[in-house]
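A quick write-up on the structure given underneath.
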Amino acid sequence: MAGELQLVIDGEARSVQSGCTAWDLPERQEHALAVWVDGQVLDLKRALPQSGTVQWLTFNDFSGRQVFRHSSAHLLAQAVKRLWPEAKLGTGPALDDGFYYDVALAEPLQEGDLARIEREMKKIVGENLPIERVELSRTEALTLFDQRAETFKRQIIEGIPHDAVISAYRQGDFIDLCSGPHLAATGLIQAIKLTSVSGAYWRGNEVNPMMTRIYGTSFPSEDELTQHLVHIEDAKQRDHRKLGPSLDLFSFREDAPGFAFWHPKGNQLYRTLEEFSRRLQHDRGYQEVATPWIYRVGLWERSGHWDHYRDDMFLIERDSEVLGVKPMNCPGHALLFKGATRSYRDLPMRLAEYSPLSRFERSGTLHGLMRVRGFHQDDAHLFVSQDQISQEMFGVLDLVDVMYRAFGLTHEVVFSTRPDNYMGDLALWNQAEANLEEILRDRGLKYQINPKDGAFYGPKLDIAAIDSLGRRWQLATIQLDFQLPEKFDLHYVDADGEFKRPVMIHRAIMGSLERFLGILVEHYAGAFPLWLAPVQCVIIPITDQQISYAQEIQRKLSRYGIRSEVDDRSQKMGYKIREAQLAKVPRMLVVGGRDQTNHTVSVRTRDQGDIGAKPWPDYLHQLIEEAEMPLA
RNA sequence: GCUCACGUAGCUCAGUAGGUAGAGCACGUCCUUGGUAAGGACGAGGUCACCGGUUCAAAUCCGGUCGUGAGCUCCA
């Protein structure tokens with residue numbers, strides 16, 4: 001069949017001359033950026049390599065978008081080279097919503113340089129340079145990039161396997177080592193925005209030189225770019241670092257980097273979350289404990305933290321001995337378990353704790369509430385016999401489900417299996433992994449397997465929650481541990497009178513409460529559901545005449561556990577409503593002369609506005625019902 | 001920790017060529033008592049992150065420290 005290819009296009013079979021490109025086909029879609037032929041994404045102007053089904057890739061397809069962004073990265077590199085011919089190129093991939101290119105420059109970029117680069121890029125777009133693919137031998141490739149003094153490119157070429165095709169893409173005077181595919185010409189990239197600059201190690205390795213990473217995004221049209229920038233702006237408005245202080249929930253100060261100040265409202269929110277967790281766990285047989293937060297170094301040596309975690313701990317030296325502030329609760333719980341002779345009748349023993357934990361996170365990694373040095377977990381350790389593992393894991397997964405559903409978060413499970421450097425008995429590992437998988441299947445949970453990513457002491461399930469913006473957050477972790485019971489020589493007396501070794505299950509559902517709260521702030525954009533809201537009701541007297549009536553209402557609300565405030569400032573009602581609305585308070589109870597006479601409250605909800613006068617205290621009972629914790 | 005950027009009142013920001021600081025909101029006092037998203041007047045508030053240097057003079061120029069941001073790295 002030499003000389004002919006059999007294609008299926010738009011469901012219709014036809015044959016074409018070999019050497020034919022997708023560009024040549026009369027069926028070519030106007031907005032096609034690249035072409036898909038049986039699993040391979042190709043340049044439009046590259047000769048079709050094989051027979052197969054043809055699909056057009058546009059900006060609306062993930063792969064099409066990747067091609068578009070990748071070509072944008074080349075465009076960026078070309079502009080940089082025009083402005084700084086001595087710049088050395090690293091790599092420049094496409095991202096989910098943009099692209100970047102790493103370059104090594106003699107001088108750091110100045111303010112205004114981004115705009116300069118952007119202008120140069122637009123110029124190249126205007127030139128509408130054709131983008132051509134070139135295939136090179138290894139020697140040709142090395143010679144070409146050596147001539148251009150592209151030392152990083154040489155390193156890349158040296159790493160390419162000997163049987164692989166080496167290709168480069170040329171646009172005008174610019175050429176870049178690249179496997180492609182790319183757009184047909186630079187003119188397609190109509191809208192460009194360079195967004196930020198940062199440092200990045202060459203090949204992501206700390207020992208390598210630091211390069212300048214230039215981020216940008218691009219679209220086929222200005223409208224799409226504008227829309228994208230608006231979305232980014234929306235996300236910024238939800239940023240918990242912005243919303244938190246403006247809703248008077250928490251703040252950070254230079255005096256304590258990595259530790260939050262919880263304001264009265266934020267603390268209330270925090271306590272509500274903790275109480276929610278406490279009630280769910282209490283119903284499931286958990287017992288809350290409080291264990292020491294500073295231990296002598298010997299404990300950390302025994303637990304293995306000293307070897308693996310010392311650099312991340314706050315250490316104190318007093319009376320010529322070293323003390324460590326706890327980064328985790330597990331050793332404390334192990335000691336507590338060990339404090340008495342335990343019977344099989346005590347198992348499963350579920351110890352929960354919310355006390356403070358500290359980790360000396362590297363300064364550059366701190367990030368609002370998401371990454372702090374002082375935090376609290378909804379932590380628990382389950383001491384179980386081997387035949388209780390399944391049932392307990394099942395229980396924990398059930399709790400995850402209830403907890404996340406309460407916040408409208410969906411979740412996904414990642415199952416991490418035995419790593420190469422595992423410790424302990426292989427048979428036990430196999431059994432545990434089989435158990436876990438069975439449980440996941442029984443619950444009908446969708447899960448991904450992360451081979452060899454378990455902890456060295458046992459396999460684990462990590463759970464990622466998906467928030468209202470579709471972002472994934474790794475929150476819960478459930479880990480089977482065979483090692484700590486060994487290290488602490490834990491045992492219980494079994495029914496047969498023999499000492500047996502328990503298994504520990506480490507688990508946290510919300511994970512760090514600080515982080516969880518940060519995520520909730522962004523998930524709800526600060527508009528918390530009634531049961532969570534720190535202030536559930538603001539009572540707004542219209543004139544001073546109604547202040548005592550308002551206070552009477554507040555006392556009643558308070559007695560039934562509804563958190564409320566009376567806004568008795570001498571301001572107009574509209575002003576108070578505006579402030580309550582901006583503070584995202586779920587309910588406003590307006591009380592004027594009419595209400596006082598008729599014994600009503602005029603209700604305004606945060607989401608629906610004015611819903612009219614309601615008889616009091618009927619509305620109190622409605623509120624009590626609506627404000628219940630979603631425990632079921 | 002590393003690279004780059006940034007750091008002016010509680011918050012958002014202005015501050016032209018180096019000549020001892022300004023607005024809006026918030027806050028306080030007074031006036032106003034108004035039925036569903038901003039009533040008015042007056043007032044208080046800053047060692048311009050901190051330390052040092054250059055200069056007759058530094059918020060402004062230079063160096064260092066701390067913090068924050070975007071990333072990198074790390075993340076039992």
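Scope of the values below: all heavy atoms of this structure, side chains included, with no hydrogens, waters or symmetry mates. Each chain gets a letter, A, B and so on, in the order the sequences are listed, and its residues count up from 1.
Aromatic ring centroids of A:His74 and A:Phe99 lie 6.0 Å or more apart.
Near RNA chain B, meaning a heavy atom under 4.0 Å away, the residues from residues 578-592 of chain A are A:Arg578, A:Gln581, A:Leu582, A:Val590, A:Gly592.
In terms of phosphate contacts, A:His367 brings a side-chain nitrogen or oxygen within less than 4.0 Å of OP1 or OP2 of B:A70. Phosphate contact (OP1/OP2 of B:U32, side-chain N/O of A:Tyr575, threshold under 4.0 Å): absent. In this structure, A:Arg569 does not reach the B:G34 phosphate: none of its side-chain N or O atoms is under 4.0 Å from OP1 or OP2.
Summarising the base pairing, B:A37 is matched to no nucleotide, lacking a Watson-Crick or G-U wobble pair whose two defining distances lie under 3.5 Å. When Watson-Crick and G-U wobble pairs are counted only if both distances are under 3.5 Å, B:C61 pairs with B:G53. Within the shown strands, nothing qualifies as a pairing partner of B:U16 under the Watson-Crick or G-U definition with both distances less than 3.5 Å. A 3.5 Å limit on both hydrogen-bonding distances identifies no Watson-Crick or G-U partner for B:C48. Base pairing annotation: B:C27 forms a Watson-Crick or G-U wobble pair with B:G43, both donor-acceptor distances under 3.5 Å. When Watson-Crick and G-U wobble pairs are counted only if both distances are under 3.5 Å, B:U3 pairs with B:A70.
B:C25 and B:C42 have their P atoms separated by 13 Å, with the value rounded to a whole Å. Here, B:U8 and B:U12 have their C1' atoms 12 Å apart, quoted to the whole Å. A gap of 12 Å separates the P atoms of B:G40 and B:G24, to the nearest Å. If you take atom C1' in B:A21 and the same atom in B:G63, they sit 25 Å apart, rounded to whole Å. Nucleotides B:C48 and B:G22, compared at atom P, are 14 Å apart to the nearest Å. Between B:U54 and B:U16, the distance separating the two C1' atoms is 23 Å to the nearest Å. Taking atom C1' in both B:G7 and B:A49, one finds a spacing of 6 Å when rounded to whole Å.
The base of B:G35 is paired with the side chain of A:Ser602 by a donor and an acceptor separated by under 3.5 Å. In the interface, the side chain of A:Asp595 is paired with the base of B:G35 through a donor and an acceptor atom under 3.5 Å apart. If you check distances only, the side chain of A:Tyr101 never reaches the base of B:G71 with a donor-acceptor pair under 3.5 Å. With hydrogens and angles ignored, a donor-acceptor pair closer than 3.5 Å exists between the side chain of A:Ser570 and the base of B:U32.
Among the heavy atoms of the strands lying under 4.0 Å from A:Ser363 is at least one base atom, whether or not backbone atoms are also near. At the heavy-atom level, A:Gln571 lies under 4.0 Å from base atoms of the strands shown. Using a 4.0 Å heavy-atom cutoff across all strands shown, A:Gly574 reaches sugar-phosphate atoms only and no base atom. Nucleic acid contact class of A:Arg213 (heavy atoms, under 4.0 Å, all strands): sugar-phosphate only.
You'll find that the side chain of A:Ile542 is closest to B:G34, out of B:C72, B:U68, B:G34. Across B:U3, B:C74, B:U36, the shortest atom-to-atom separation from the side chain of A:Arg604 is found for B:U36. Comparing B:A76, B:U33, B:C2 by their nearest atom to the side chain of A:Met328 picks out B:A76. Side chain of A:Tyr201, nearest nucleotide from B:U3, B:G1, B:A37: B:G1. Checked against B:C72, B:A76, B:G1, the side chain of A:Tyr309 finds its nearest nucleotide in B:A76. Of the listed nucleotides (B:A76, B:G1, B:G71), B:G1 has the atom at the smallest distance from the side chain of A:Arg362. Comparing B:G69, B:A37, B:C75 against the side chain of A:Arg371 picks out B:C75 as the nearest. Considering only side-chain atoms of A:Thr543, the nucleotide from B:U33, B:G7, B:U36 that sits closest is B:U33.
For A:Lys487, the NZ atom counts as densely surrounded, since its 6.0 Å shell holds more than 12 non-hydrogen atoms of other residues, nucleotides or ligands. For NZ of A:Lys584, the number of neighbouring non-hydrogen atoms (other residues, nucleotides, ligands) closer than 6.0 Å is greater than 12.
The cationic group of A:Arg373 lies under 6.0 Å from the six-membered ring centre of A:Phe360 and within 45° of the ring axis, placing it in a cation-pi geometry.
For the pair A:Asp102 CG and B:U3 P, the computed distance is 16 Å after rounding to whole Å.
Looking at which nucleotide of RNA chain B each of A:Gly204 and A:Lys242 is closest to, the 5′-most match is held by A:Lys242.
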Run the side-chain contact (heavy atoms from CB on, under 4.5 Å) check on A:Arg359 and A:Tyr309 step by step: do they pass? CA-CA 9 Å; A:Arg359 299 182 185 174; A:Tyr309 212 70; 2.9 Å; yes
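Screening A:Arg471, A:Arg238, A:Lys236 for a salt bridge (charged side-chain N to carboxylate O under 4.0 Å, His left out) involving A:Glu522 leaves a single residue, A:Arg471.
Judged by distance alone, the side chains of A:Tyr295 and A:Arg302 never bring a donor and an acceptor atom under 3.5 Å apart.
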